[in-house]
Amino acid sequence: MGGEEKREFWRWTESNWRNPDIDWKNARYITVGIDVGSVSSQAVIMADGQIFAYGSMRTGSDSPNSARNALAFALEATDMPGDRMDYCVGTGYGRVNVPMADRSITEIACHARGANFIYGPQVRTVLDVGGQDIKAIQCDEKGKVTNFLMNDKCAAGTGRGMEVFADLLGVSINEVGDRSFQVDEEPEAVASTCVVYAKSEATGLLRRGWSRERVLAAYCRAMAERIYSIVRRMGVIPEFAVTGGMAKNRGVMERLMPLIGLKRMETEWDTQIAGAVGAALFGYALCQKGKGREK
Amino acid sequence: MITAGIDCGAKNTRTVILKEGEVVGKGMVSTGFDQEKAVKGSFDQALKMAGITRDDIEKIGGTGSGRNAISVADIEVNDIKALARAANFFFPGARTVVDVGAEEARAVKIGDKGNVVNFAVNEKCAAGAGAFIEAMARALEVSLEEMGPLSLQSDKQIPMNAQCVIFAESEVVSMIHARTAKSDISKAIHDAMASRIGAMIRRVGVKEEVVMLGGVGHNPGFVESMRRELKVEKICVPEEPGFGAAVGAAIVAAEQA
Amino acid sequence: MLASYGYGDGSGDYFITIDTDKCDGCGECVSACPAHVFVVVDEDPNDPLREEPVAMVAAGKRKKIKYECGPCKPASGRPTLPCVEACKAEAISHSW
């Protein structure tokens with residue numbers, strides 16, 4: 001990642017939060033889930049399977065420190081000592097490099113479990129579009145994965161693909177969504193799937209006199225179609241929920257949802273903590289099964 | 001008999017004029033965003049070199065991804081067929097043809113008369129085409145011309161994880177930060193590319209002689225990586241591999257004249 | 001669970017799907033595949049509470065299965081894929 005600070009990715013605020021209704025001292029098991037993603041990292045602290053606190057921040061240049069920082073940030077919101085933790089599960093792109101984790105579990109499993117908690121047991125399809133991948137997951141009422149498909153090979157449709165276009169057009173990533181609707185007429189999608197070829201296609205469109213907004217609209221549409229093609233391959237069963245950074249880009253989401261033909265579920269929780277919530281829940285399940293840390 | 005072949009590719013447009021089985025005129029301009037202009041430019045260059053006019057040419061074959069823009073063409077030549085004929089023209093012993101252009105790669109298995117036996121194509125993904133090496137050269141901050149010679153200086157084997165141009169750019173940047181030598185990175189790039197193209201070639205079967213056409217054939221680092229990947233003695237590359245498809249189109253035009 | 005490993009890119013979609021409800025982790029696919037695409041793990045990382053062996057596509061192969069599987073999918077003719085043939089439980093399918 002090289003620590004290029006000029007990159008302003010999805011504007012989500014680094015935040016931590018503590019649940020005022022929970023006293024950690026009464027909890028039997030304190031479990032922690034840490035999701036180190038390519039762009040952001042989250043730590044969720046759960047008390048007997050309920051969210052007690054969390055911290056969400058930008059991923060740094062290395063996974064171990066990103067994990068430590070996210071956990072420290074979550075703990076900062078509480079009065080709980082860090083060593084109270086009974087079990088810790090790492091997930092996400094950097095999951096094998098979470099130093100305090102007792103084990104790692106894939107983001108597929110954690111996202112399904114986390115979405116089940118955050119959105120409720122009705123959720124059957126979870127779409128997660130992150131900085132470097134697209135995940136489509138079907139799960140049952142318990143949040144167990146029944147079908148999944150992940151694409152982390154190709155940048156098309158991912159946050160990185162959007163970022164390449166924001167750079168090309170000189171439009172801040174935060175404005176992409178709104179600017180893409182500043183067109184008189186919705187253009188056809190950029191035809192190339194490959195980001196490299198889409199980029200040269202876009203350069204051609206600009207030379208032909210297209211406005212940057214129009215090119216953005218054409219690319220957001222291409223992103224939506226790309227994401228849809230991944231989801232469609234797996235199949236969509238209602239209820240449908242979206243997690244990950246792309247959920248916050250209306251330029252893509254408002255073009256994607258009509259293709260899917262369903263409404264997105266809503267939640268009061270920050271959808272970016274879904275993976276870490278799932279990880280902490282797995283930790284809780286393992287503790288309950290007597291498979292927690294040996295004391 | 002005089003015929004011409006025009007190959008309007010993603011990056012360059014090339015014309016070849018063939019007289020009794022000999023190349024008498026050549027022209028090349030970069031395609032840019034105006035294909036018709038590029039076609040005319042390369043055609044005019046070739047006519048000038050041959051010292052002839054349009055009327056002296058019996059038949060013109062057009063090929064390449066922008067073949068629809070070649071209004072002067074009398075016939076449209078299938079690109080696979082063009083490559084097969086060209087490989088046979090340059091190297092009569094050719095049995096496997098690899099063509100790596102800016103945006104596409106193809107593998108063709110051919111018979112002793114330059115007939116197509118079987119082929120496989122990679123398109124629409126830059127990781128399997130010349131665009132990959134170009135983007136990596138930019139990330140490495142060296143010119144495309146330097147990439148090959150740099151790569152030949154290295155004997156290290158460094159695997160690349162990313163299979164997408166966009167992600168590979170970040171991987172190359174991390175390698176630079178980790179102080180990996182540019183020659184080693186360059187070789188890793190060519191090896192990664194050769195393993196993808198090699199897999200495509202194996203789908204048609206590797207049979208010597210292996211001929212490489214397409215602009216990427218100018219890159220000795222890639223040719224060497226490809227040779228190692230295919231485990232063959234040598235890969236035959238004509239002097240100007242990029243003109244392969246245009247030569248083939250001119251040959252097919254002659255066959256049909 | 002239908003576990004699809006692989007990817008889609010501009011050139012097409014390339015997924016190997018393993019039906020983990022059918023797969024018993026016997027490992028026949030592992031030895032049948034000339035490109036070493038499959039591995040059997042004791043515990044499914046996508047289903048951590050299951051605790052039975054299961055086949056997966058090896059992590060290092062997932063981003064290049066189009067290429068790894070290429071030799072078994074010649075440009076002319078399509079013999080039965082060795083992995084599909086080896087799997088008695090009929091748990092393996094290819095999307096392309």
Side-chain angles (χ1 to χ4, degrees), chain A residues 1-7 9 38-39 59-63 93-94 96 130-134 150-168 190-210 215 219 222-223 225-226 229, chain B residues 9-12 30-38 65-66 69 101-105 121-141 160-180 185 189 192-193 195-196 199:
Chain A
M1 312 300 111
E4 291 150 329
E5 280 313 313
K6 74 175 177 65
R7 280 189 199 166
F9 221 77
S38 63
V39 177
T59 296
S61 54
D62 72 289
S63 299
Y93 160 89
V96 292
Q132 297 187 0
D133 63 9
I134 302 174
M150 169 162 163
N151 195 359
D152 61 352
K153 180 262 183 188
C154 168
T158 69
R160 187 70 186 92
M162 193 79 245
E163 192 189 26
V164 167
F165 262 70
D167 277 355
L168 175 74
V190 169
S192 310
T193 297
C194 175
V195 178
V196 176
Y197 297 161
K199 220 172 125 179
S200 40
E201 201 181 321
T203 310
L205 294 173
L206 289 170
R207 285 200 196 189
R208 276 175 26 205
W210 281 39
V215 175
Y219 194 62
M223 293 269 297
E225 288 179 1
R226 177 68 195 153
S229 81
Chain B
K11 197 180 171 203
N12 293 305
S30 71
T31 304
F33 291 98
D34 190 342
Q35 293 175 322
E36 280 168 41
K37 193 175 151 202
S65 57
E103 295 201 350
E104 283 172 335
V121 181
N122 178 47
E123 53 183 7
K124 296 178 182 160
C125 169
F132 177 76
I133 299 176
E134 269 182 56
M136 294 309 106
R138 272 196 302 276
L140 207 51
E141 294 178 330
M160 282 191 76
N161 179 39
Q163 298 290 326
C164 168
V165 170
I166 302 293
F167 295 145
E169 279 170 352
S170 324
E171 194 170 341
V172 165
V173 170
S174 326
M175 283 177 171
I176 296 170
H177 287 174
R179 299 183 190 283
T180 312
I185 302 177
I189 290 163
M193 171 85 173
S195 98
R196 290 191 284 269

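Naming: A, B, ... by sequence-line order, numbering from 1 per chain.
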Notebook entry, point to check: What are the two closest heavy atoms between B:A129 and A:Y197, and how far apart are they?
Noted result: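 For B:A129 and A:Y197, the tightest heavy-atom pair comes out as CB-OH, 3.6 Å.
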Next item on the list: Taking all non-hydrogen atoms of both residues into account, name the closest pair between B:C164 and A:K153 and its distance.
Entry: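 Looks like CB-O, 3.0 Å.
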Next item on the list: List the steps and the verdict of side-chain contact (heavy atoms from CB on, under 4.5 Å) for B:E103 and A:C194.
Entry: CA-CA 11 Å; B:E103 295 201 350; A:C194 175; over 6 Å; no
Note to self: Taking side chain as everything from C-beta outward and backbone as N, CA, C, O, which of these in B:A131 sits under 4.5 Å from a heavy atom of chain A? Side chain, backbone, both or neither.
What the structure shows: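 For B:A131, the contact with chain A is made by the side chain alone.
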Margin query: Which atoms of B:A102 are under 4.5 Å from chain A, going by heavy atoms: the side chain, the backbone, both sets, or neither?
Written below: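 The backbone, not the side chain.
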Notebook entry, point to check: How many angstroms lie between CD in A:Q132 and CZ in B:F167, if you round to the nearest 0.5 Å?
Noted result: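 Output value for this atom pair is 5.0 Å.
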